Each structure stands twice: as C-alpha cells, then as structure tokens.
Protein chains: 2
Amino acid sequence: MSSSDSIPGLPPGPAPRATIADVAREAGVHASTVSRALNPATRGMVTEGVAQRVAEAAERLGWRPSALAAGLRTRKSRTIGILVPDLVNPIFPPILHAVETLLAGQGYATLMANTANDPAREALLIERMATHLVDGLMLASAAAGTGALDLCARFGIPAVLINRRMPAGCGATSAVTNDDHGGIGLAVAHLLALGHRRIAHLAGPEGISTAMDRLSGFRDALAAQGLDPDAAPILHAGAYTAAAGQAAMAALLAGPRFTAVAVANDMLCLGTYDALAAAGLRVAADVSVTGFNDMPFVDRICPALTTVRIQHAAMGRQAAEILLAEMADPALPRRDIRLVPELVCRASTAPPNPDAPCP
Amino acid sequence: MSSSDSIPGLPPGPAPRATIADVAREAGVHASTVSRALNPATRGMVTEGVAQRVAEAAERLGWRPSALAAGLRTRKSRTIGILVPDLVNPIFPPILHAVETLLAGQGYATLMANTANDPAREALLIERMATHLVDGLMLASAAAGTGALDLCARFGIPAVLINRRMPAGCGATSAVTNDDHGGIGLAVAHLLALGHRRIAHLAGPEGISTAMDRLSGFRDALAAQGLDPDAAPILHAGAYTAAAGQAAMAALLAGPRFTAVAVANDMLCLGTYDALAAAGLRVAADVSVTGFNDMPFVDRICPALTTVRIQHAAMGRQAAEILLAEMADPALPRRDIRLVPELVCRASTAPPNPDAPCP
DNA sequence: TTGTACGCGTTATCAG
DNA sequence: CTGATAACGCGTACAA
C-alpha cells in the first residue's frame with residue numbers, strides 16, 4: 001500500500017508528499033535505515049554506500065522530512081518563539097532580525113508575534129506557542145509582571161528576556177538588557193560637561209524596567225556631581241510614544257526652569273521636539289535634548305539627536321545564544337547580561353544659552 | 001515569588017504534559033469524545049453535559065492540544081510563513097505587523113524569516129517552512145525571479161506576493177502591491193505644478209518590479225504633459241539603500257542639469273540629501289526632491305520629505321486575507337490588488353529656483 | 001550494520 | 001451520540 005494512495009476521508013491533497021517509507025522502498029532499505037542515513041547525528045551508524053543510495057533516493061523523490069512527525073516523536077519542534085510588544089517600534093526590528101538570523105543558522109524556525117503590550121494577548125500567544133511546542137521563547141515584552149514567565153514555567157518552555165528584566169528576586173530567567181543606568185549617566189555627564197546645571201528628566205512609563213533604571217541612573221549621575229536629584233524636574237511619560245513625549249514635555253515646561261533635558265527614549269524625543277517648538281524654543285540653542293536608543297534615522301531628524309546608542313543586534317544575538325545554550329543544558333546558571341551603551345553626540349545638545357526664553 | 005514554582009503533589013522539573021487520554025480518563029469518556037467536545041467544529045456531535053465535563057477536566061489538567069500531533073493527522077499546521085528581504089528596511093515592519101495581527105486573530109501562528117535578498121537563502125527557508133508544513137506562505141521577497149514560487153508549487157503551498165509581482169504571464173499567484181506606476185505620477189504632477197520642467201528620476205535597482213513600475217510611471221507622467229521622457233536624466237541605483245542613493249545622485253549631478261528629482265524610494269532619498277549637501281546644494285531651495293513609501297520618520301528629517309505614501313498595513317492585511325481565502329478554496333481566481341497611494345506634501349519640494357547653483 | 005516493533009498525541013471512520 | 005481502532009510520518013530501543 002503506497003502512501004500516495006488517497007486516504008479516505010481526507011481531501012485529495014494537491015501535493016502527493018513522499019514519505020520516508022517511499023524513500024526506503026526506492027532505496028531498497030528499511031525506513032529506519034533511511035532515518036539513520038539522513039540524520040547527521042546517526043549517519044555514522046550506516047554504511048557509506050547505503051547512505052549514498054538513500055540520499056539519492058530521497059533527492060529523486062524530492063522527499064522532505066516532516067517536522068511535525070519528527071517533533072511528535074522527539075518532543076522538539078526546532079521552532080523558537082519571540083514575542084515583541086510592537087513591531088512598529090523601531091528598536092525591535094533590528095533585534096528580531098538578529099535573532100532570526102542566528103536561529104536560522106542553527107536550523108531553527110522563528111515564530112513571531114506582537115503582544116501590543118496587552119497581557120491577555122500575551123498570555124494567549126504564549127499558549128499558542130506552547131501548543132506549537134516551541135523549544136524556547138524569547139520575551140521582549142514582559143512588561144506587565146511575571147505572568148508570562150509563569151506560563152513558560154508551567155509549560156516547561158525555556159525562556160529568555162530581551163530588553164526587559166523582572167524585579168530582583170524573580171531571577172530564574174536569563175535576561176539580556178542594556179545598561180540603562182550607566183547609559184543615561186553618559187548623557188548626563190555630557191550635559192554637565194557642556195555646562196548645564198539645571199537638567200530635567202523626561203522618564204519612561206512607570207513600571208517598565210528600562211524607565212526605572214534610566215530614572216535611577218539619572219538621579220545617581222546628578223548626585224555623583226554633587227547636584228541634588230530631588231531638585232531636578234522629573235516627569236514620567238505615559239508611554240514610549242511621540243504623543244506621550246509631547247504631552248509630558250509640555251507639562252515639564254510649565255514647571256521649574258531647566259536648560260537641558262535627558263529623555264528616556266528617542267521616541268519620546270520626537271514629541272519633545274514638538275513641544276519645544278510649540279513653546280517657541282529651539283532645540284540645542286535654547287534647550288539641549290538627549291535621547292536613548294539611537295533608533296534608525298534620529299541622525300536625520302532636525303536637529304540630529306544626541307543619544308545613547310544601544311547594541312540592538314548584539315542584544316538579539318546574545319539572547320538567542322543564551323536561549324540555545326539553556327535549551328541544551330537547562331542546568332546552566334541563569335545569566336543577566338548588560339550590554340554597554342555608547343553616547344553619540346550630534347546636534348541636539350549645546351552649552352546652555354543664558355539668553356534663552358523663559359524655561 | 002512565582003506562583004507556579006511548585007505544584008503540590010506533582011514532581012518538580014519538566015512539566016508533565018497532559019495528553020488527550022488523560023483528559024478522557026479524568027472526564028470518564030473516550031479520547032475521541034474529548035477531541036470532538038473540544039473542537040469547535042465538532043462540538044455539536046456531543047451532548048452538552050459531556051462537553052462541559054470534558055472542558056472542566058481539560059481545564060483541571062491544564063491540557064493543551066499538541067499542534068504537532070493534530071497537524072500530523074490533519075496535514076495542517078495552522079501556521080503561516082512570511083519571508084521578508086530585510087526586516088531592518090522600515091517598510092516591512094508595518095506589513096509584518098498587520099499580517100501577524102490578522103493571522104493571530106484567525107488562530108494562525110506566524111513563522112517569519114529574512115531572506116537578505118539571497119535566492120539561495122530564500123530557497124532554504126522555503127524548504128524549511130515546507131518542512132514545518134506551513135499552510136501558506138507570504139512572499140515579500142520574490143525579487144530574483146520565480147524560483148520561490150516554483151518551490152511553493154512543488155510543495156503545494158498556497159502563496160501570495162506582497163509588494164512584488166512576477167513578470168506578466170507568471171500570473172498563477174495573487175499579489176498585493178502598491179500602484180507604483182500611478183504613485184510616481186502623483187509626485188511628477190506635483191513637481192510639474194510647482195513649475196519644474198527639467199525633472200530627473202533616481203530609479204531603483206533594475207529587475208525589481210517596484211523600480212520598473214516607478215520608472216515607467218515616471219516616463220508616462222512626463223509624456224502625458226508633452227515632455228520628452230528620453231530627455232530626462234535617469235539613473236538606476238544599485239540597491240534600495242542610502243549609500244546607493246548617494247552614489248547614484250552624485251552621478252546624476254555630474255550629468256545634465258535638472259531642478260527636481262523624483263526618487264524611487266525614501267531610503268534612496270536619504271543618500272540623495274547627502275549627495276546634494278556634498279555638492280553644496282540645498283534641498284527644496286535649489287533642488288526639489290520627492291520620495292516614495294513615506295517610511296517612518298521621513299516627516300522628521302531635514303527638510304521633511306515630500307513623498308508618496310503607501311498603505312503598508314493595508315497591504316499586509318489584504319495579502320493575509322487573500323491567502324486565507326485561497327487556502328480555504330484553492331479554486332478561487334488569483335487576484336492582483338493595487339493599492340492606491342497618496343502624495344504627502346512636505347518641505348522638500350518648492351518652485352524651481354532660477355538662481356540655483358549649477359545642476 | 002540493518003531490520004522490527006512500537007509509540008509520540010491527535011483525528012477520521014466505522015460500528016454500535 | 002459515543003467507543004474502538006487505525007492511521008498520520010518519524011525516531012529509536014532492541015533484536016538479529
């Protein structure tokens with residue numbers, strides 16, 4: 001009975017896919033021999049001549065192993081999932097790109113999904129990935145607490161965090177993040193060196209680890225220079241969006257005076273530029289602005305943004321490497337990688353202008 | 001502290017996945033009944049009470065169906081693949097985002113991969129997706145001919161093209177593209193209305209359908225106004241990158257004079273800006289520039305780019321809808337959707353300046 | 001070195 | 001309406 005016979009009850013598929021049994025028949029060997037001959041790990045168990053015959057037969061029939069059948073047997077899908085909050089946020093594509101490239105090189109397929117920062121959606125997607133038996137999961141979106149990690153644990157899926165850390169104590173998961181604390185310090189040091197003393201901080205949304213780390217880095221950097229962090233104007237934006245940045249910056253401008261602002265995120269800077277323009281202030285000339293991320297094209301905006309560059313690609317690559325390593329050996333100690341950022345000086349910062357308008 | 005670190009009574013470590021047989025035992029029915037009760041399509045075949053008991057048992061055991069086992073049986077993985085040339089190119093994230101969102105809503109998982117515009121890599125990735133038994137494939141990267149589509153046909157995988165069309169005659173595949181021909185016409189009409197008569201075209205790489213369509217649209221738009229297309233300076237960039245744009249623009253500037261340039265792609269415009277600056281020319285004031293795509297943040301560059309806006313998200317959404325429809329009914333006629341673009345006027349275009357320097 | 005036998009978890013079919 | 005049974009395609013102890 002040939003496997004290409006139509007199976008009663010199943011719709012007549014257009015493609016009569018060859019199975020391992022077909023290859024076995026074609027090569028004049030048994031199916032298990034085919035399996036051994038074609039699996040690199042077990043090729044040694046078979047005679048050179050047989051291996052060749054099998055390979056030729058497989059080629060002739062255009063046979064492709066079914067990852068589903070193999071996975072069902074091995075409990076491994078050679079598939080890895082990655083969850084990002086919002087693909088349209090330009091910091092994620094480079095990460096995703098690096099991840100996919102590395103995983104593809106190791107023979108893994110990448111299952112991608114957007115959570116839209118919605119915990120319920122995130123949970124649903126994780127379940128779906130569990131259903132698809134992903135071998136590992138990369139979370140760039142675990143903003144809303146430990147729910148996602150709990151799910152991974154329940155499904156027994158190895159996980160790694162990207163650009164996010166859980167609160168201290170929940171350290172059972174590796175994370176690859178940027179050194180946000182030190183990064184914002186670079187920006188503050190730069191502003192101080194330019195002569196600024198009244199520096200504001202436009203912080204990210206409360207509860208997000210990058211926002212908290214950058215805020216504390218900002219305060220510590222001021223304190224290190226003998227300035228009082230409590231005297232600095234500080235405001236949290238509602239989200240990492242241009243609109244939220246504009247609103248927050250407008251509010252900041254209504255408060256105590258400052259000559260420079262260290263912003264927690266490039267996207268917020270776009271709104272910051274708008275708010276300054278609306279207030280009749282010039283970036284750099286009247287108020288210096290620093291960003292964070294060095295996302296694509298901020299070197300092209302007007303004026304070019306001085307910002308803290310994150311190693312996006314390295315982040316994705318390292319996270320993927322760590323995940324693969326922990327999949328191979330779950331007993332491996334968890335890691336907490338902080339990549340070191342770098343300040344990129346452009347045109348949005350300048351010495352304080354004593355003649356600047358009000359703020 | 002995680003809530004799931006230990007379930008009392010169960011051994012810690014790798015999660016003991018429940019199977020359908022466990023649920024059947026728990027609910028006191030047969031495995032087939034469980035399958036029927038939990039599958040929305042067959043729920044009607046079981047008693048209400050039984051369905052409820054089964055659902056509860058499944059919930060109690062935390063059972064998740066194995067997509068692998070189900071797929072092995074049904075020959076459907078509820079997974080769809082999407083190939084993009086380069087995730088870092090900002091036109092793709094919105095497309096991918098829209099695709100994933102729509103597919104997720106229909107219960108599909110999205111397998112994503114970068115081809116890096118490498119046909120060999122593309123072929124490998126398609127094979128891998130075939131291996132994973134994707135139910136359909138979306139190709140945003142079929143630049144190098146019909147090889148990809150041949151593979152899909154051989155594996156019997158329904159496919160849809162995004163932002164790319166095959167040469168006429170290869171029309172066995174649906175495609176969702178932008179109306180590139182008409183789109184560049186909008187840009188040319190705008191430049192003509194401003195008073196420009198010597199308009200150049202910085203074209204995209206030869207052999208890419210978007211580049212060819214935009215080029216012919218450019219020529220037709222000139223001809224429609226009684227201008228001679230053959231007199232217009234035209235040069236192909238080597239790739240859709242800023243660097244290629246800069247090189248091509250520099251070459252264009254060395255040729256016959258023009259007061260405006262319709263560029264085939266926003267990314268090329270970035271290089272165009274550089275080349276103009278290097279030649280001591282001001283964008284808009286000396287040479288008007290139009291782009292194509294309206295990719296993120298070109299409204300923020302200096303000067304803000306006048307460009308042709310593509311409906312990226314709609315492109316992804318429509319393509320996904322078409323793919324799902326054709327998967328459901330392969331006999332459906334193939335479609336060739338052209339989305340209509342829109343001109344966005346910003347600051348990179350102005351009336352011709354008679355006093356401009358040389359070009 | 002190769003063949004045999006079985007199981008991975010699910011669904012389709014047929015019998016009751 | 002439900003139970004029993006047989007695939008789906010492959011990997012792998014175990015036997016030969």
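The shown structure was predicted, so the numbers you read here are calculated from the model rather than taken from an experiment. Residue numbers start from 1 in every chain, and the chains themselves are labelled A, B, ... in the order their sequence lines are given, proteins ahead of strands.
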Student: Residues two or more places apart in sequence or in another chain: which of them pass salt bridge (charged side-chain N to carboxylate O under 4.0 Å, His left out) with A:Asp336?
Tutor: A:Arg338
Student: Figure out the NZ/C1' separation between B:Lys76 and D:dC8, and round it to whole Å.
Tutor: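 Distance, rounded to whole Å: 13 Å.
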Student: Applying side-chain hydrogen bond (donor to acceptor under 3.5 Å, both in side chains), which residue pairs with at least one partner in residues 46-55 of chain A are found, sequence neighbours left out?
Tutor: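 The answer is none; no pair qualifies.
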Student: In residues 27-38 of chain B, what donor-acceptor pairs under 3.5 Å come from side-chain atoms, sequence neighbours left out?
Tutor:
from	atom 1	to	atom 2	distance (Å)
B:His30	ND1	B:Ser32	N	3.2
B:His30	ND1	B:Ser32	OG	2.9

Student: Report the distance from atom CG of B:Asp22 to atom C1' of C:dT10, rounded to the nearest whole Å.
Tutor: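 Checked: the CG to C1' distance equals 13 Å.
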Student: Taking only residues at least two apart or on different chains, which pairs with a member in residues 63-74 of chain A satisfy salt bridge (Lys or Arg N to Asp or Glu O under 4.0 Å)?
Tutor: A:Arg64-B:Glu127
Student: With respect to the side chain of A:His30, which nucleotide from D:dG9, D:dC1, C:dG3 is positioned closest?
Tutor: C:dG3
Student: Roughly, in whole Å, what's the span from CZ in B:Arg53 to C1' in D:dC1?
Tutor: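 Rounding to the nearest Å, CZ of B:Arg53 and C1' of D:dC1 are 13 Å apart.
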Student: Would you kindly give the CG-to-P distance between A:Leu68 and C:dG9, to the nearest whole Å?
Tutor: 14 Å
Student: Once rounded to the nearest 0.5 Å, what's the spacing between atom CZ of A:Arg128 and atom OG1 of A:Thr131?
Tutor: 8.5 Å
Student: Counting the atoms with a prime plus P, OP1 and OP2 as sugar-phosphate, which does A:Val50 contact under 4.0 Å by heavy atoms, base, sugar-phosphate, or nothing?
Tutor: sugar-phosphate
Student: Would you mind reading off the distance between A:His132 atom NE2 and C:dC8 atom C1', rounded to a whole angstrom?
Tutor: 18 Å
Student: Rounding to an integer number of Å, can you tell me how far A:Leu72 CG sits from C:dC6 P?
Tutor: 18 Å
Student: Atom CZ of B:Arg25 to atom P of C:dG9: distance rounded to whole Å?
Tutor: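 Checked: the CZ to P distance equals 12 Å.
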Student: Under 3.5 Å, side-chain donor or acceptor atoms of residues 319-332 of chain A against the rest of the protein: list the pairs with distances, not counting sequence neighbours.
Tutor:
from	atom 1	to	atom 2	distance (Å)
A:Glu326	OE2	A:Ser174	OG	2.4
A:Asp329	OD1	A:Ala331	N	3.0

Student: Please encode protein proximity along nucleotides 11-16 of chain D as a string of B, S and -, counting only heavy-atom distances under 4.0 Å.
Tutor: BBB---
